[in-house]
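First comes the structure, then the notes that go with it.
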Amino acid sequence: MEFQFDNERPIYIQLVQQLRIAVVSGDFAPGSRLPSVRELALTAKVNPNTMQKALTELEGEGLVFTERTNGKFVTTDEGLLLRAKRALAQGYADRFLGEMAQIGYDRAGALSYLQDDLT
Amino acid sequence: MLKKLMKYDFVWIFKVLVYHTTILLVVAALGRLISPLAPRSMFWGITDGVFLSLTIAAACSLFFTAFMRSAARYINNTYKDESYLTHTLPVTRGQQYTSKVFSSVLVLLVSLVVCLIATAICNSYKNRWEMVKHYLSNPQYRTLILLFVLVVVLQIVCMLLCTLAGATFGYRKGSHKLLHSLLCILLIYVITQGIMVGVIFLISRFDSGVAMLFTTSTRSMMEFLTDPISTRICWILAAEYIVANVALFFLGKRALEKGVNVD
Amino acid sequence: MALLTINHLSKSFGEEAALTDVNLTIEPGRIIGLLGKNGAGKTTLLKLICDLLTPTDGEVLFEGAPIGVESKKEIAFLPERTYLDKSMTIQQTLRMFQDFYDNFDVNKAKKLLADLDLPEDRQISKLSKGMQEKLQLVLVMARKAKLYILDEPLGGVDPATRDYILDTILRSFDDGASLLISTHLIADIERILDDVIFLDRGKVLLTAQADDLRNETGLSVDDNFRRMFKC
């Protein structure tokens with residue numbers, strides 16, 4: 001998986017966001033085993049400490065759990081995954097609507113654009 | 001750890017000297033081949049003389065280079081770029097200093113052995129060999145010659161220790177480190193020799209035999225060799241040198257242990 | 001226990017004060033960036049930690065004890081300059097490191113050498129400066145040390161090798177080991193830093209966790225640096 005960062009925001013926050021997307025989208029399949037912290041850190045080219053911190057945060061959200069000797073796994077809780085997905089979707093939608101409003105499309109106008117005029 | 005350090009120090013110092021050693025032995029051997037021909041004609045006589053001079057020159061070159069390599073090893077390893085490795089190795093500064101001193105002395109001893117072999121080769125021609133055997137058979141001469149060689153070796157070691165100690169003091173200065181080193185070396189050497197002469201002078205106040213060192217002059221090498229006082233004087237000198245060398249060793253070691261400031 | 005403790009460390013060369021009253025702690029398992037302009041005193045600080053300089057005042061403690069033989073076993077230093085005996089071959093240098101360091105992993109070194117295209121039988125004097133620097137990096141990273149100190153590891157290296165070096169650093173970063181990296185190429189390296197130290201004219205201006213700094217200022221470490229050290 002590809003990670004993108006900008007140096008202006010805390011790295012671990014960006015990691016959390018991108019990992020969350022990967023889990024929610026199924027890049028890391030539900031119930032599958034995640035690569036080790038070290039491997040993930042190498043792939044992302046970040047400090048293992050930072051990666052650990054990000055994963056701990058995801059564990060806090062319930063998207064990831066640790067099985068003591070076997071490593072970290074993605075949750076199988078479909079309900080939780082769906083809720084997380086919808087939360088992300090909401091965020092994207094809010095941003096879209098906000099940006100459309102800036103150019104003069106109100107909510108109805110934006111929706112109708114999507115419905116009819118989207119190429 | 002000390003042995004490991006010495007291994008690397010010794011190899012570096014001696015690496016180049018392999019050439020000097022080879023040249024010395026080859027020249028000595030060639031000289032030996034030519035010697036029997038010397039009486040035949042002026043040409044061969046001159047050539048024989050030339051080879052003898054070359055042998056002596058090669059021996060001097062060997063010692064000189066050994067000395068310079070030893071000093072170079074110490075300074076490069078302790079104060080130049082290589083010191084970034086030296087001072088980060090898990091050894092104490094005392095061990096570093098000891099290793100340099102011991103391996104330098106070892107190189108000197110090896111050079112000495114090579115010189116003796118070369119001398120033996122040179123003089124292995126029948127006539128000269130007879131003369132050498134004649135001298136060595138006399139126990140008094142034998143002791144004296146050995147003592148004399150010992151004193152010369154100790155003197156060279158003394159110069160070496162003065163060099164290392166002086167360099168350690170000299171490299172403490174902020175600028176012109178090499179110049180300061182040379183001055184310190186000279187100062188330490190002069191003071192050491194001065195003290196040694198002073199001590200033997202003091203002894204001569206109590207020992208009339210030794211007092212002759214300062215009062216009578218030897219008219220020839222033969223007189224020096226046959227005079228029993230000479231043996232006693234050599235023993236005293238050897239003892240003094242040993243004490244002085246030990247003192248110089250600890251002087252330099254303590255100076256280095258105080259710390260370094262590498263550029 | 002802190003890995004490295006620096007108390008009231010000062011260093012002067014004659015009249016010139018290179019470091020003044022530096023107080024720092026380095027914990028195990030962190031990657032720390034020592035950042036500052038040229039001449040700020042970064043290399044002086046690193047040399048003091050490695051016993052290449054004697055402090056004018058203050059002390060450096062490694063795991064609670066003054067630096068000495070024990071600390072040197074566990075500290076791996078990569079200086080900016082080339083320090084190897086040029087008359088030796090790479091092979092001989094590996095053997096020397098094996099001789100003196102118990103924690104030198106010679107197999108790892110050989111692998112890194114192969115990755116970087118460095119032939120083992122080549123004499124060091126015959127290597128280009130870039131290759132010598134890579135060799136020195138290999139020698140440091142092949143040791144299982146508790147503290148790695150890298151002085152400008154990325155300077156003068158091509159971007160591909162720079163990635164490789166960062167990769168090697170992250171890979172070699174064993175649990176509990178810390179890395180202290182001094183550099184002024186901040187943008188390239190800031191992503192992997194846990195903590196940063198800003199050094200200016202021999203004094204510590206700032207110590208912070210990198211992400212905290214980003215959070216508080218909304219700027220990258222690089223931008224923070226530029227702001228603080230604007231000419």
Side-chain angles (χ1 to χ4, degrees), chain B residues 1-19 69 72-100 103 168-169 171-177 180 254-263, chain C residues 11-16 18 43-44 46-56 60 62 66-88 92-93 95-104 124 129 132 135-136 139-140 143 145 147-149 151:
Chain B
M1 279 295 168
L2 187 61
K3 276 204 223 99
K4 288 183 201 171
L5 284 172
M6 280 181 63
K7 178 174 75 174
Y8 288 100
D9 283 332
F10 181 84
V11 165
W12 190 90
I13 300 174
F14 197 76
K15 238 194 270 215
V16 154
L17 299 177
V18 172
Y19 297 110
R69 285 287 280 190
R73 175 69 177 178
Y74 180 69
I75 291 179
N76 280 346
N77 233 218
T78 315
Y79 299 105
K80 303 274 170 160
D81 284 352
E82 280 178 34
S83 66
Y84 276 70
L85 175 59
T86 315
H87 295 301
T88 50
L89 289 175
V91 294
T92 63
R93 289 212 220 280
Q95 281 171 317
Q96 290 279 2
Y97 194 81
T98 310
S99 167
K100 301 287 183 294
S103 39
T168 310
F169 283 106
Y171 268 81
R172 280 199 191 157
K173 304 293 177 186
S175 58
H176 302 297
K177 294 180 194 224
H180 277 110
R254 215 41 73 73
L256 184 65
E257 280 167 348
K258 280 233 180 83
V260 283
N261 285 305
V262 173
D263 268 332
Chain C
K11 178 65 185 171
S12 302
F13 294 102
E15 290 299 309
E16 194 193 314
T43 303
T44 305
L46 298 181
K47 279 160 80 172
L48 280 162
I49 297 173
C50 295
D51 205 20
L52 287 160
L53 293 174
T54 317
T56 310
V60 179
F62 184 80
I67 45 173
V69 176
E70 288 309 311
S71 70
K72 290 178 191 182
K73 285 184 190 166
E74 304 290 354
I75 297 181
F77 180 40
L78 178 66
E80 246 191 305
R81 65 181 62 191
T82 47
Y83 61 78
L84 296 170
D85 182 346
K86 295 196 178 28
S87 63
M88 295 208 285
Q92 290 170 333
T93 311
R95 207 166 302 139
M96 179 171 73
F97 270 67
Q98 255 185 301
D99 257 345
F100 285 104
Y101 295 111
D102 287 333
N103 54 26
F104 185 72
I124 294 179
K129 184 155 185 289
Q132 285 184 33
L135 172 62
Q136 288 182 180
L139 291 170
V140 163
R143 276 183 62 201
L147 176 63
Y148 297 88
I149 300 181
D151 196 355

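All values derive from a computational prediction rather than experimental measurement. Below, chain A is the first sequence line, B the second, and so on; all start at residue 1. Atoms considered below: every heavy atom in the structure, side chains included; atoms not considered: hydrogens, waters and symmetry mates.
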For the student: nearest non-hydrogen atoms of [X] and [Y], plus distance:
X      : Y      : value
K73(C) : P90(B) : CG-CB, 3.5 Å
R93(B) : D51(C) : NH2-OD1, 3.0 Å
S87(C) : K15(B) : OG-NZ, 3.2 Å
E82(B) : D85(C) : OE2-CA, 4.0 Å
D99(C) : K7(B)  : OD2-NZ, 3.0 Å
Y8(B)  : M96(C) : OH-CA, 3.0 Å

Nearest-0.5 Å distance, [atom1] of residue [X] to [atom2] of residue [Y]:
X      : Y       : atom1 : atom2 : value
D81(B) : T82(C)  : CG    : OG1   : 6.0 Å
L52(C) : Y79(B)  : CG    : OH    : 12.5 Å
L53(C) : D263(B) : CG    : CG    : 9.0 Å

Would you say that more than 12 heavy atoms from the other residues, nucleotides or ligands in this model lie under 6.0 Å from the [atom1] of [X], or not?
X       : atom1 : value
K80(B)  : NZ    : no
R81(C)  : CZ    : yes
Y19(B)  : OH    : no
K177(B) : NZ    : yes
N103(C) : CG    : yes

Exercise. So, the side chain of N261(B) versus the backbone of T54(C): is there a donor-acceptor pair under 3.5 Å, distance only?
Worked result: yes
Close side-chain approach of [X] and [Y], heavy atoms under 4.5 Å:
X       : Y      : value
H87(B)  : C50(C) : no
Y101(C) : L89(B) : yes
L85(B)  : F97(C) : yes
F100(C) : L5(B)  : yes

Exercise. Which region of F77(C), side chain (C-beta onward) or backbone (N, CA, C, O), has a non-hydrogen atom less than 4.5 Å from a non-hydrogen atom of chain B, or is it both or neither?
Worked result: side chain
Exercise. Contact part of K47(C) toward chain B, heavy-atom cut-off under 4.5 Å: side chain, backbone, both or neither?
Worked result: side chain
